[in-house]
S.K.: 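The following block contains the structure, expressed as structure tokens.
The chains referred to below are lettered A, B, ... by the order of the sequence lines, with proteins before strands, and numbering in each begins at 1. Side-chain atoms are counted along with the backbone in the values below, which use heavy atoms only and exclude waters and symmetry mates.
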There are 2 protein chains.
Amino acid sequence: MNRTRGRTASGETASAVLDIAERLVQTRGFNSFSYADVASELSVTKASLHYHFPSKAELGEALIDRYTERFAVALAEIEASERDAGKRLDAYVGLYADVLQNERMCLCGMLAAEYETLPGPMRAAIVRFFELNEAWLAGVLTEGRRGRGLSYAGSPRETARGIVGGLEGWMLVARAHGDLARFRPTARRLVANLAGVA
Amino acid sequence: MNRTRGRTASGETASAVLDIAERLVQTRGFNSFSYADVASELSVTKASLHYHFPSKAELGEALIDRYTERFAVALAEIEASERDAGKRLDAYVGLYADVLQNERMCLCGMLAAEYETLPGPMRAAIVRFFELNEAWLAGVLTEGRRGRGLSYAGSPRETARGIVGGLEGWMLVARAHGDLARFRPTARRLVANLAGVA
DNA sequence: GTCTATAGGCAGATAGAC
DNA sequence: GTCTATCTGCCTATAGAC
């Protein structure tokens, strides 16, 4: 039976390609992995990959879109399970800590470093990822300040960007230091400082 | 007259090569520029570059070493010109803001993203850069707390790493947002939050 | 959907003339 | 120190058989 494929390829093979490519981008970067890398891991040929993702740029877009969608789901789950703003921030930090624990960078943090070399559609998708995160955090920060749990200087938006960028940079440096274990508690404290957790 | 060249090449051409390669790494990344890029800008051939820097890895090492040395000089200048801990932190933020104003990432922040793909000697040099920065900041933070100008939770070392990583990440995201202008004041405020500036 | 085969280009690097 | 010429290998991508 043949499934209908969407624009971004939704079959099982395509999904396996995305899984492998995602890990490679998160560890090595978009410009430092090749179709050959993915093909050998999947035990197929490079030509097969081009059937699912005609160009590397389209593969890149699909990667970011899927990653962003998963993040959106995770954010919704945090909102459903935590009511307190401080605890929501802790859970948010946990998303990044889990990524680093897998010895990976955030996909979009990695791509942000390569931003200048990427095609327009990928750039736009990266900005959307950050926009989603900042908007969600700004909401948490606004509510938290109203409820007196948080007391930060500056706007919620600016503070939200500080948290997102901070997490990206702390991951980056922690990975170079080979210091994965301390990330979670340290990042929690730093975020608490930025957000003025009571 | 022929100058004696050191291990890392100290002639004028070598210096021009480093200038061009540095900018390319800071904007595009180490794996996204080539000897051909540098050669065409310098109007020489690729083969000439290999005379000064036999391998790309050696060029990379020389880049990091020079960058780190310049940073060390800048840190010493800050210590000489500012006595107050808060002002020293502001001046430190200024170093990063100046880099971003030139539409560049921090050299070592960029390389940290590519860390997994880099040869051992380059990795070690990157870690030395972060180590230098964290040690210097830890000193400022220790003094600032003793003098009651600063009041942060956690150790000076951890807070120092928070500042370094934070600046790297804020640069990364600001560049993707095309938001160079707001970086300086925002980063100042965020660092002040992390360090507990009175 | 996956394959073989190949195109066309660019990468880092070297040999040897000048 | 810089050049021309060249090597080897990898890259993204395509054509066309099965």
S.K.: Are the charged groups of Asp179(B) and Arg182(B) less than 4.0 angstrom apart, N to O?
M.R.: yes
S.K.: Within this structure, what is the CD1-CZ distance for the pair Ile64(A) and Arg123(A), rounded to the nearest 0.5 Å?
M.R.: 11.5 Å
S.K.: Can a side chain N or O of Thr13(A) be found less than 4.0 Å away from OP1 or OP2 on dT2(C)?
M.R.: yes
S.K.: Over its full length, what angle do the end axes of the helix from dG1(C)-dC18(D) to dC18(C)-dG1(D) make, each axis taken from five pairs and the result rounded to 10 degrees?
M.R.: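 End axes: 0° apart.
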S.K.: Separation of Leu49(B) atom CG from dT14(C) atom P, in whole Å?
M.R.: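 Whole-Å distance recorded here is 14 Å.
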S.K.: Strictly under 3.5 Å: I want the nitrogen or oxygen pairs between protein and nucleotides 15-17 of chain D, one per line.
M.R.:
none

S.K.: Give a yes/no verdict on a cation-pi contact between Arg145(B) and Tyr152(B), requiring under 6.0 Å between NZ or CZ and the six-membered ring centre and an angle within 45° of the axis.
M.R.: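 Because its charged atom sits under 6.0 Å from the ring centre and within 45° of the axis, Arg145(B) does stack over Tyr152(B).
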S.K.: List every contact pair, protein side and nucleotides 10-12 of chain D side both N or O, where the distance is under 3.5 Å.
M.R.:
unit_1	atom_1	unit_2	atom_2	d
dC11(D)	OP1	Ser34(A)	OG	3.0
dT12(D)	OP1	Lys56(A)	NZ	3.0
dT12(D)	OP2	Tyr35(A)	N	3.1

S.K.: Distance check needed: dT4(C) P versus Tyr51(A) OH, whole Å only.
M.R.: 18 Å
S.K.: Find out whether Leu180(B) and Glu103(B) are in side-chain contact, i.e. whether some heavy atom of one side chain is under 4.5 Å from a heavy atom of the other.
M.R.: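 A side-chain contact under 4.5 Å exists here.
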S.K.: Verify the distance criterion only: is there a donor paired with an acceptor across the side chains of Thr186(B) and Glu158(A) at less than 3.5 Å?
M.R.: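 Per modelled atom types, Thr186(B) and Glu158(A) side chains form a pair under 3.5 Å.
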S.K.: Does this structure show an ion pair linking Arg28(A) with Asp37(A), if we count only N-O contacts that are shorter than 4.0 Å?
M.R.: no
S.K.: With a cut-off of less than 4.0 Å, is there a side-chain N or O of Thr45(B) near OP1 or OP2 of dC3(D)?
M.R.: yes
S.K.: Are any of Ser48(A)'s side-chain N or O atoms less than 4.0 Å away from OP1 or OP2 of dG1(C)?
M.R.: no
S.K.: So Tyr67(B) and Phe129(B), would you call those rings parallel, tilted or perpendicular, with 30° and 60° as cut-offs?
M.R.: tilted
S.K.: Give me the ring orientation class for Tyr92(B) and Trp136(B): parallel if the planes are under 30° apart, tilted from 30 to 60°, perpendicular past 60°.
M.R.: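 Correct class here is parallel.
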S.K.: With a distance cut-off below 6.0 Å to the six-membered ring centre and an angular limit of 45° from the axis, does Lys56(A) pair with Phe30(A) as a cation-pi contact?
M.R.: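 Yes - Lys56(A) lies over the ring of Phe30(A), closer than 6.0 Å to its centre and within 45° of its axis.
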S.K.: Take atom CG of Leu42(A) and atom P of dG1(C), then tell me their distance rounded to the nearest Å.
M.R.: 14 Å
S.K.: With a 4.0 Å cut-off on N to O distance, would you call Glu61(B) and Arg66(B) a salt bridge?
M.R.: no
S.K.: Please state how far atom CD in Glu58(A) lies from atom C1' in dA13(D), giving the value in whole angstrom units.
M.R.: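 To the nearest whole Å, that distance equals 12 Å.
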S.K.: Can Glu131(A) and Arg157(A) be counted as an ion pair, charged N to O under 4.0 angstrom?
M.R.: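 Result for this pair is yes, salt bridge flagged.
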